[in-house]
Protein chains: 2
Amino acid sequence: MKNLLQSVRITINDKLYVKDPESSNLGKRIVEESIIMINDIGFENFTFKKLGQKIGSNESSIYRYFENKHKLLLYLASWYWGWLEYRLVFATNNIPDANAKLEKAIEIMTQATEIDLAFTHIDEVLLNKIVINEYSKSYLTKEVDMENKEGYFVIYKRLVNRLSQMIKEVNTDYPYPESLASTLIEGALHQYFLMDHFSSLTSCDVNVTPTEYFKHIAFNTLNIKNNG
Amino acid sequence: MKNLLQSVRITINDKLYVKDPESSNLGKRIVEESIIMINDIGFENFTFKKLGQKIGSNESSIYRYFENKHKLLLYLASWYWGWLEYRLVFATNNIPDANAKLEKAIEIMTQATEIDLAFTHIDEVLLNKIVINEYSKSYLTKEVDMENKEGYFVIYKRLVNRLSQMIKEVNTDYPYPESLASTLIEGALHQYFLMDHFSSLTSCDVNVTPTEYFKHIAFNTLNIKNNG
DNA sequence: CAAATATAAAAGTATTACTATCAATATATA
DNA sequence: TATATATTGATAGTAATACTTTTATATTTG
C-alpha cells in the first residue's frame, strides 16, 4: 500500500523508551531487527544480548533505548495499533454512510496485513504476526493497572473506542458497542492464531476470511443486512 | 454447586506431569497451593522455589511432579477445561431443544465461576482467574505445534468442538460454527479481563453480564430469537 | 580543536530454572 | 519385625537471564 502523506509519524508514549529509537540510526536498527528477531524466535527466547549480537552492537547500548524487553514489546505494539488507527481514520474519514463506514472499519481491523512502504525500517507484516502471537503477554501481567495509568495502552484503547463509536452510529440502541468493538479486534487476532495452529477451532481458512466472519457477526448482531 | 456423582475425576494427559499429583498428598498440595500462589503473584513471578517454601517442601520435590512451571500451567488449565466440559455435558445432556441447549451451554461457558465442593483441593474460582489471566501464555509459544501434537490441548479442543456441534444443531446453514464457538469461549475470558482492568473497552459490568452479551451475539448471528 | 555526547567492551550481581547427589524418612513386603 | 523400596528433603552446583556499572573509544557539535 502507498502512503499519500509525505511523512506520517506514529507518536508513542515517551515513557515507553529511554531514548527515542527514531532519533538515531542505532535506534531504528534496534526496532527493525527486534521485529525480525521476536517474530523468528518468539518473545520468551528474545534477549537484548542476542539482539546486540545480531545488529553488531552491545547489550548495554540497547538498554539506553529501552529499559527492558517488556517495554520494547509495548513500544512495538503501540506502533502497530497507531499505524492501524491512522489507516482506520484515513480509510473511513470520507464515508458518510454509517453502515459502509463500519464495514470499511471492520475490513481494516481484520484483514491480513500488507506492507506499508512509508515506514522503511518497520515490516508491518511481521509486526502483525508479533501482535497476534505476543500482544496478550504485554497486558496479562500483575503490573497492568499501573502501566495502564501510565498510558502504555492509550493508542489501543483509542482504537477500540473509535470502532465502538462507529458501531453506535450504525445502531444507537445496540447495548454492547464497547464489547463488540473489543471482541472484533481481539477476536481477529485470535482467529488468525487459530488458522495457524488450531485449524479445527476456526471456520476460517484460505477461502473464508476472518473479515467475512466478523462482518457477519457485526451486521447480524446489529440487525443490519450485510453489504459484503 | 453440588456434585451429583460420588467421585468424578478429571483425566489429564499424563505427559503433562512426571508423577500424577492426584496420587499423593504432596502432589495435591502442589496443585492446591500453586493455584493460590499463581493467582496471587502472577505466573511470571511464580517459581517452584517459592512454592516449595510456601508448602514447606523442597524445590526438587516439586520437580518430581512437574517438569517445569509451563507444564504445571498446562495441567491446571486442562483441569479447568475438563471441569467445564463435565459441567457442560451434565447440564445440557437432557435438553432436547437445540436452542435451549445452546443457551444453557453459553451460560455454562460464560458465567462467573462458583466453587465446586466435589474437588476439595482445587479452588475453581481462583482457577478461573488464572485461566483468564494466564491461559493465553500456555499456547502463545514457539512450541505450540509440537505440544499440540503431544495432546496438551485436547480437552480445550474437545470443549470448543462440543460447543460448535451445538451451534450447528441450532442452525445447520450457519457458515462459521467453529469460529463462533472459539470466539464465545476465548471472548468470555477476554471480557472478564477487560471488566477488571480496562472497563472502557467492555460494555459488561455488575449489571450487564458477558453471558447476556454473548447470548445476544450467538442468537442474532444464528438468526434465532433469544429466549434469555 | 575542545567539549559533549553516543556507543562499545567488559565485568559484576542477583535471580531463575533447572540437575545431581546424598541423606532421612516413610511405606510396603517377605 | 526386619528389610527393601520408594518418597521426600537438604544442599550444592550450573548455565542463562536480566540487568548495572565502569571505563574506553568513537563521533558530533559548538
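All chains are named by letter (A, B, ...) in the order of the sequence lines, taking the proteins before the strands, and each is independently numbered beginning at 1.
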Extract from the structure each pairing of a protein N or O with an N or O of nucleotides 9-14 of chain C at less than 3.5 Å, listing the distance.
| residue | atom | partner | partner atom | Å |
| --- | --- | --- | --- | --- |
| C:dA9 | N7 | A:N58 | OD1 | 3.3 |
| C:dA9 | N6 | A:S60 | OG | 3.3 |

For nucleotides 24-29 of chain D, print each protein N/O atom paired with a nucleotide N/O atom at under 3.5 Å, atom names and distance only.
none

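A donor-acceptor pair under 3.5 Å links the side-chain atoms of A:K50 to the main chain of A:N45, judged by distance alone. Although no hydrogens or angles enter the test, the distance criterion places no donor-acceptor pair under 3.5 Å between the side chain of B:S199 and the main chain of B:M195. At least one donor-acceptor pair closer than 3.5 Å links the side chain of A:N13 to the backbone N or O of A:G151.
Screening residues 157-166 of chain B for side-chain hydrogen bond (donor to acceptor under 3.5 Å, both in side chains) gives B:E85-B:R158, B:E85-B:R162, B:N148-B:K157 as the qualifying pairs, with residues at least two apart or on separate chains.
A donor atom on one side chain and an acceptor atom on the other are not found under 3.5 Å apart for B:Y152 and B:S138. Side-chain contact, A:Y65 with A:S24: a donor N or O sits under 3.5 Å from an acceptor N or O. Between B:Q191 and A:S179, the side chains place a donor N or O and an acceptor N or O closer than 3.5 Å (distance only, hydrogens not considered).
Side-chain N/O atoms of A:K19 include one lying less than 4.0 angstrom from OP1 or OP2 on C:dT7. Phosphate contact (OP1/OP2 of D:dT21, side-chain N/O of A:Y63, threshold under 4.0 Å): absent.
Put simply, NZ on A:K69 is 9 Å from P on D:dC19, counting in whole angstrom units. Summarising the geometry, the separation between OH on B:Y65 and P on C:dC18 is reported as 19 Å, rounded to the nearest angstrom. Between the CG atom of B:L72 and the C1' atom of C:dC18 there is a distance of 15 Å, rounded to whole Å.
Applying the salt bridge (Lys or Arg N to Asp or Glu O under 4.0 Å) rule to A:K28 yields no partners; only residues at least two apart in sequence or on another chain are considered.
Classification of B:E150 and B:K15 as a salt-bridged pair holds, one side-chain N sitting under 4.0 Å from a carboxylate O.
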Please report, to 0.1 Å, the donor-acceptor pairs under 3.5 Å made by any side chain of residues 33-43 of chain B, with sequence neighbours excluded.
| residue | atom | partner | partner atom | Å |
| --- | --- | --- | --- | --- |
| B:E33 | OE1 | B:K54 | NZ | 3.4 |
| B:S34 | OG | B:I30 | O | 2.9 |
| B:S34 | OG | B:V31 | O | 3.0 |

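Residues from residues 21-53 of chain B that place a heavy atom under 4.0 Å from any atom of DNA chain D, listed by number: B:S24, B:L26.
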Show your reasoning for whether side-chain contact (heavy atoms from CB on, under 4.5 Å) applies to B:W79 and B:F119.
CA-CA 11 Å; B:W79 196 97; B:F119 306 95; 3.5 Å; yes
